[in-house]
Amino acid sequence: MSTRTRYWLMKSEPEDFSIDDLARVKVEPWTGVRNYQARNFMRAMQLGDGVLFYHSNAEVPGVYGLAEVASAAYPDPSQFDRKSKYFDEKSTREQPRWDLVDVRYVRTLKRAITLDDIRGQAEKLGEDFALIRKGNRLSVLPVTAAQWKTILSLE
DNA sequence: GCCAACGTTGGC
DNA sequence: GCCAACGTTGGC
């Protein structure tokens with residue numbers, strides 16, 4: 001039995017890049033992740049995996065749309081770009097530190113599923129759901145099929 | 001803008 | 001390996 005995660009949640013600050021931006025460009029390289037855990041999750045992603053598009057640092061934080069993984073993980077070019085704020089001097093082309101995946105727009109939710117909505121299902125989602133764990137700051141995190149279903153049932 | 005929580009860095 | 005200092009995330 002395969003136990004790979006087929007669903008993920010990815011956070012973006014809407015002032016920086018929102019679901020509307022993704023709807024416009026259709027496919028976006030998920031640049032700028034500089035956290036090893038989040039990077040490792042992206043490395044585990046496979047084409048077609050489902051993504052909950054989450055707005056963080058928003059007026060109303062929550063899931064605003066659906067996307068899907070549109071590439072396998074590959075080195076994030078911004079780590080080599082001296083002019084980028086994501087430049088990492090410890091990264092080399094031979095041994096890149098940071099990967100990303102491309103993310104493709106699927107749809108915008110009819111109504112945002114807010115963080116409050118999601119917290120309301122905490123019991124069903126489980127203590128281990130990283131989004132609602134205290135102090136959690138992970139920007140890319142796995143979602144089980146059951147959690148995916150529970151969250152989308154709130155739309 | 002505030003601040004709690006967390007990850008990373010670097011001195012020892 | 002410990003841990004203080006620092007920077008960042010993200011809700012409020």
Side-chain angles (χ1 to χ4, degrees), chain A residues 5 7-25 28-45 49-69 73-144 146-148 150-155:
Chain A
T5 306
Y7 302 103
W8 310 90
L9 181 145
M10 298 173 88
K11 297 178 185 174
S12 184
E13 301 195 13
E15 294 217 349
D16 188 42
F17 189 81
S18 71
I19 189 69
D20 291 340
D21 294 321
L22 185 61
R24 203 169 307 120
V25 299
E28 178 75 3
W30 205 260
T31 193
V33 169
R34 295 294 180 269
N35 169 285
Y36 290 106
Q37 222 183 330
R39 178 204 67 184
N40 292 343
F41 286 137
M42 287 200 291
R43 285 183 174 173
M45 288 180 182
D49 283 359
V51 174
L52 299 170
F53 195 107
Y54 181 91
H55 284 183
S56 62
N57 264 318
E59 206 177 321
V60 181
V63 174
Y64 280 74
L66 302 184
E68 65 181 13
V69 174
Y74 62 96
D76 181 345
S78 68
Q79 69 195 301
F80 308 122
D81 179 1
R82 206 161 268 285
K83 281 173 291 189
S84 167
K85 67 171 173 174
Y86 299 124
F87 175 70
D88 185 343
E89 59 181 357
K90 289 178 183 158
S91 198
T92 65
R93 296 206 180 256
E94 294 69 35
Q95 287 202 307
R97 278 187 160 190
W98 305 112
D99 281 1
L100 55 70
V101 295
D102 292 343
V103 170
R104 177 182 297 115
Y105 177 77
V106 173
R107 70 179 177 90
T108 302
L109 298 192
K110 294 187 282 288
R111 170 186 99 75
I113 300 165
T114 68
L115 181 57
D116 280 348
D117 293 337
I118 295 169
R119 285 209 179 108
Q121 297 295 310
E123 215 163 304
K124 213 169 167 189
L125 292 166
E127 301 275 317
D128 61 329
F129 187 49
L131 183 72
I132 52 179
R133 257 195 327 239
K134 192 178 182 184
N136 171 68
R137 302 180 310 160
L138 251 193
S139 64
V140 177
L141 52 106
V143 174
T144 66
Q147 288 164 344
W148 175 274
T150 298
I151 290 170
L152 285 184
S153 74
L154 301 171
E155 186 180 0

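Letters go in sequence order (proteins before strands), and every chain restarts at 1. FYI, side chains are in, hydrogens and waters are out, and symmetry mates aren't considered; it's all heavy atoms of this structure.
- Distance Leu115(A) CG to dT9(C) C1': 14 Å, rounded to the nearest Å.
- Between Asp88(A) atom CG and dT8(C) atom P the separation is 13 Å, expressed in whole Å.
- Taking every side-chain heavy atom of Arg97(A) into account, dT9(B) is the closest of dG11(C), dT9(B), dT9(C).
- Backbone-only contact: Arg119(A) has heavy atoms under 4.0 Å from sugar-phosphate atoms and none from a base.
- The NE2 atom of His55(A) sits 14 Å away from the C1' atom of dG10(C) (whole-angstrom rounding).
- Ranking dT9(B), dG10(C), dT8(B) by closeness to the Lys90(A) side chain, first place goes to dT9(B).
- Checking the phosphate oxygens (OP1, OP2) of dG11(C), a side-chain nitrogen or oxygen of Tyr54(A) falls inside 4.0 Å.
- As a whole-Å value, the separation of Asn57(A) CG from dT9(C) P is 9 Å.
- By the 4.5 Å heavy-atom criterion applied to side chains, Glu15(A) and Asn57(A) are not counted as neighbours.
- For Tyr36(A) and Trp98(A), the distance between ring centers is under 6.0 angstrom.
- Taking the six-membered ring where the residue is Trp, the centroids of Trp30(A) and Tyr74(A) are separated by 6.0 Å or more.
- Pro77(A) has its side chain within reach of Leu100(A): a pair of non-hydrogen atoms, C-beta onward, lies under 4.5 Å apart.
- Computed from coordinates, the Ile132(A) CD1 to dC6(B) P distance equals 15 Å when rounded to whole Å.
- Although no hydrogens or angles enter the test, the distance criterion places a donor-acceptor pair under 3.5 Å between the side chain of Arg34(A) and the main chain of Tyr86(A).
- Phosphate proximity of dG10(C) to Lys11(A): present, with a side-chain N or O under 4.0 Å from OP1 or OP2.
- In this structure, Leu131(A) places its CG atom 16 Å from P of dT9(C), rounding to the nearest Å.
- With rounding to whole Å, Leu9(A) atom CG is found 10 Å from dG10(C) atom P.
- Protein atom CG of Asn35(A) is 14 Å distant from nucleotide atom C1' of dG10(C), rounded to whole Å.
- Taking the side chain of Ser139(A) as heavy atoms from C-beta on, and the options dG11(C), dT8(C), dG10(C), the nearest nucleotide is dG10(C).
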